[in-house]
Asker: 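One structure, pasted below without further comment.
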2 protein chains.
Amino acid sequence: MKIGELAKRSGLTAYTIRYYEQIGLLPLADKDASGQRNYDASILTWIEFLGRLKSTGMPIREMLRYADLRQKGSGTDAERRALLVAHREKVRAHVANLQANLLVLDAKIAGYADAEKRIEIENGQPERKPLRAGRARTF
Amino acid sequence: MKIGELAKRSGLTAYTIRYYEQIGLLPLADKDASGQRNYDASILTWIEFLGRLKSTGMPIREMLRYADLRQKGSGTDAERRALLVAHREKVRAHVANLQANLLVLDAKIAGYADAEKRIEIENGQPERKPLRAGRARTF
DNA sequence: CTAGAAGTTCGAGTGCACTCTAAGTCAAGG
DNA sequence: CCTTGACTTAGAGTGCACTCGAACTTCTAG
């Protein structure tokens with residue numbers, strides 16, 4: 001497939017695909033007689049994995065390290081594994097941090113809900129939330 | 001307190017504190033007679049909250065929107081709350097995505113572990129992992 | 001009193017990860 | 001055959017969030 005189709009299928013732009021090739025994240029693509037890149041569908045698996053590393057916050061430098069090891073092939077397994085294990089720990093820590101912050105966010109939001117309630121009470125019975133109304137969503 | 005101490009206590013650099021003030025994330029600081037910024041400890045609470053928004057991935061633009069509403073004061077509660085609720089949803093989605101990617105990472109790492117085991121088997125009993133050895137660390 | 005640490009402003013520089021422009025070549029449909 | 005869209009390269013530009021340099025003033029400890 002050509003770069004345009006790979007772009008569509010991978011979700012990357014053609015610009016980004018060339019950029020990734022240039023920096024070494026993607027292998028140098030095979031070119032046809034006229035110099036156009038020709039991709040095998042198998043590249044999609046690699047791009048998808050890169051996407052996972054990226055979306056878990058791995059910087060390109062580190063993805064490059066992994067890509068280098070991968071391209072070197074056999075004998076780099078232990079190092080590749082170590083790299084992923086280290087990354088996994090960072091991701092786990094990040095998730096834990098996000099979850100802690102979610103709790104703070106919950107508390108903050110609850111505080112605003114309370115404030116709104118207090119205002120409603122100060123204003124008397126608000127017509128948009130009648131006393132006996134069950135599951136009425138106000139907004 | 002002066003900017004240097006606030007920097008120490010908040011974990012931001014003095015540069016960043018001035019930058020945040022300049023863009024409006026922090027209120028214009030009171031200045032003493034000679035023009036040096038003088039902070040009340042209460043600013044730390046706000047900085048800490050900004051840090052939580054930041055570490056959950058909120059871009060500065062959006063923090064600015066929140067800071068603006070906050071500074072406008074009363075009457076903006078509903079909008080501030082809505083902003084936080086929307087952000088919370090994004091964070092939740094992000095956490096879910098990270099967790100899904102962690103599972104893929106687990107599988108990938110397990111694959112490397114298997115590959116190492118296969119190599120050991122191909123090489124016969126590896127001396128670095130004797131059959132009955134308990135907690136030997138190899139590296 | 002004075003050296004040096006810490007403060008000030010303004011504007012320029014950095015690092016990351018793209019994203020696009022320009023100028024040209026190639027390919028596929030009418 | 002010809003247009004139009006997709007492709008090529010090299011290099012410049014973008015947006016974000018800082019981070020720093022320069023030139024200057026002020027505070028503080030000895």
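Every chain is numbered from 1, with letters handed out A, B, ... down the list of sequences.
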Asker: If you pin A/Ala33 and A/Leu25 to their nearest nucleotides in DNA chain C, which one's is more 5'?
Answerer: A/Leu25
Asker: Measure the distance from NZ on B/Lys2 to P on D/dT25 and round it to the nearest whole Å.
Answerer: 17 Å
Asker: Whole-Å distance between D/dC20 P and B/Gln22 CD?
Answerer: 16 Å
Asker: Rounded to the Å, how far apart are B/Glu5 CD and C/dA5 P?
Answerer: 19 Å
Asker: Would you check, one step at a time, whether the test side chain to side chain donor-acceptor pair (under 3.5 Å) holds for B/Thr45 with B/Ser42?
Answerer: CA-CA 6 Å; B/Thr45 311; B/Ser42 65; over 6 Å; no
Asker: Would you say B/Lys31 places a side-chain N or O within less than 4.0 Å of OP1 or OP2 belonging to C/dT9?
Answerer: yes
Asker: Do the non-hydrogen side-chain atoms of B/Arg37 and B/Glu21 ever get within less than 4.5 Å of each other?
Answerer: yes
Asker: If the cut-off is 4.0 Å, is B/Arg37 near the phosphate of D/dC27, judged by side-chain N/O to OP1 or OP2?
Answerer: no
Asker: Can you measure B/Ile23 atom CD1 to D/dT19 atom P for me and round it to whole angstrom units?
Answerer: 13 Å
Asker: Check the phosphate of C/dT8 against B/Ser34, side-chain N and O only, distance under 4.0 Å to OP1 or OP2. Yes or no?
Answerer: no
Asker: Taking the side chain as every heavy atom from C-beta outward, state whether A/Ile60 and A/Tyr20 have any atom pair closer than 4.5 Å.
Answerer: yes
Asker: Please state how far atom CG in B/Leu6 lies from atom P in C/dG7, giving the value in whole angstrom units.
Answerer: 10 Å
Asker: Whole angstroms only, please: what is the CD1-P distance between A/Ile3 and C/dT19?
Answerer: 14 Å
Asker: For atom CG of B/Asp32, decide whether the heavy atoms of other residues, nucleotides or ligands shown that lie under 6.0 angstrom number more than 12.
Answerer: yes
Asker: Using a cut-off of strictly less than 4.0 Å, decide whether A/Lys54 has a side-chain nitrogen or oxygen near OP1 or OP2 of C/dC18.
Answerer: yes
Asker: So which one's nearest nucleotide on DNA chain D is more toward 5', B/Tyr20 or A/Ala14?
Answerer: A/Ala14
Asker: Closest nucleotide of DNA chain D for B/Thr16 versus for A/Arg18: which of these residues is on the 5' side?
Answerer: A/Arg18
Asker: For B/Tyr15 and C/dG7, give me the distance from atom OH to atom C1', rounded to whole Å.
Answerer: 11 Å
Asker: Could you give the OH-to-P distance, from A/Tyr39 to D/dC7, as a whole number of Å?
Answerer: 10 Å
Asker: Quick one, B/Tyr66 and B/His87 - any side-chain contact, counting heavy atoms below 4.5 Å?
Answerer: no
Asker: Choosing from D/dC18, D/dT26, D/dC16, which nucleotide comes nearest the side chain of B/Arg61?
Answerer: D/dC16
